[in-house]
Q: 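Dropping a structure here in structure tokens format, bear with me for questions.
Just so we're on the same page: letters track the sequence lines, and every chain starts at 1.
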Amino acid sequence: MNYWLFKTEPGEFSIDDLRDVTKPEPWDGIRNYQARNILRDQVKLDDQVLIYHSSCKNIGVAGTAKVVKEAYPDPAQFDPENHYFDPKSDPDNPRWVCVDVVFESKFGNIVPLKVIKDTPKLADMTLVKRGRLSVQPVTKSEFQLIKKMSKAV
DNA sequence: GCCAACGTTGGC
DNA sequence: GCCAACGTTGGC
């Protein structure tokens, strides 16, 4: 069992949106090679995911999700109407992948980035050491501590 | 392959 | 809106 942190801008797609969908949600639009490699090679069925809200008023970890489908070609890359369309991606050799997730929990309280930064046990998180990466690994103890800090409902 | 210019992410 | 810290592009 592995643990991950996925970023999303709640203005685009939030933990509430994830909670309200009735089908597995494709985590699409990942257009960074390092994040792509993690999705493609390491994210496995039943892995646990922290859902992180970025670029918003209330920045921090907002809930959890679970992986229900491993990497497959991101359909958005072939759709010219889609914001994430990539004309350079070859359908015979897709450049980008996504995974499917389902809602697991919404935190009673968001665990703010500021609090994470101020927590010594979380100082090694990629989130703290290197901001910009939309899919990143989290250790089991980090995952469990953040969940505990949230008083998850 | 180098590197300057440009683009993006994302906190503040 | 600013800007630091990346990542990408493209000329040479």
Q: Between the main-chain N or O of A:Val115 and the side-chain N or O of A:Asp118, is there a donor-acceptor pair closer than 3.5 Å?
A: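 It does not hold such a pair.
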
Q: Enumerate the residues from residues 77-100 of chain A whose closest heavy atom to DNA chain C is under 4.0 Å, giving them by residue number; use none for an empty result.
A: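 Residues of residues 77-100 of chain A that come under 4.0 Å of DNA chain C are, in numerical order, A:Lys88.
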
Q: Among A:Lys147, A:Glu104, A:Lys66, exactly one meets side chain to side chain donor-acceptor pair (under 3.5 Å) together with A:Gln48. Which residue is that?
A: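 The passing option is A:Glu104.
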
Q: Between the side chains of A:Arg95 and A:Asp86, is the shortest nitrogen-to-carboxylate-oxygen separation below 4.0 Å, so that they form an ion pair?
A: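 Salt bridge: yes.
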
Q: Quick check: closest heavy atoms across A:His53 and A:Ile15, and the distance to 0.1 Å?
A: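 Reported closest heavy-atom pair: NE2-N, 3.0 Å.
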
Q: Could you encode protein contacts along nucleotides 6-12 of chain B as a string, one character per nucleotide from 5' to 3', using B for base contact, S for sugar-phosphate-only contact and - for no contact, with a heavy-atom cut-off of under 4.0 Å?
A: --BBBSS

Q: Polar atoms only, N or O, under 3.5 Å: list the protein pairs with nucleotides 2-4 of chain B and their distances.
A:
none

Q: What residues, two or more places apart in sequence or in another chain, satisfy side chain to side chain contact (heavy atoms under 4.5 Å, CB included) together with A:Pro24?
A: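 Result, side chain to side chain contact (heavy atoms under 4.5 Å, CB included) vs A:Pro24: A:Val68, A:Asp100, A:Val102.
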
Q: Side chains of A:Phe107 and A:Thr64, heavy atoms from C-beta outward: is any pair under 4.5 Å?
A: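 The answer is yes; the side chains approach within 4.5 Å.
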
Q: What residue pairs, at least two apart or across chains, pass side-chain hydrogen bond (donor to acceptor under 3.5 Å, both in side chains) with a residue in residues 121-138 of chain A?
A: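 Applying side-chain hydrogen bond (donor to acceptor under 3.5 Å, both in side chains) to every pair that reaches into residues 121-138 of chain A, excluding sequence neighbours, yields A:Gln34-A:Arg130.
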
Q: Is any side-chain heavy atom of A:Cys98 less than 4.5 Å from a side-chain heavy atom of A:Pro75?
A: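 Yes, close enough: below the 4.5 Å cut-off.
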
Q: List the residues meeting salt bridge (Lys or Arg N to Asp or Glu O under 4.0 Å) with A:Asp79, not counting sequence neighbours, and say none if there are none.
A: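 So A:Asp79 forms no salt bridge (Lys or Arg N to Asp or Glu O under 4.0 Å) with any residue.
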
Q: Of the options A:Trp96, A:Tyr72, A:Phe6, A:Tyr84, which is the one that meets A:Trp27 in a ring-ring contact (aromatic ring centres under 6.0 Å, His included)?
A: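 Considering A:Trp96, A:Tyr72, A:Phe6, A:Tyr84, a ring-ring contact (aromatic ring centres under 6.0 Å, His included) with A:Trp27 is found only for A:Phe6.
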
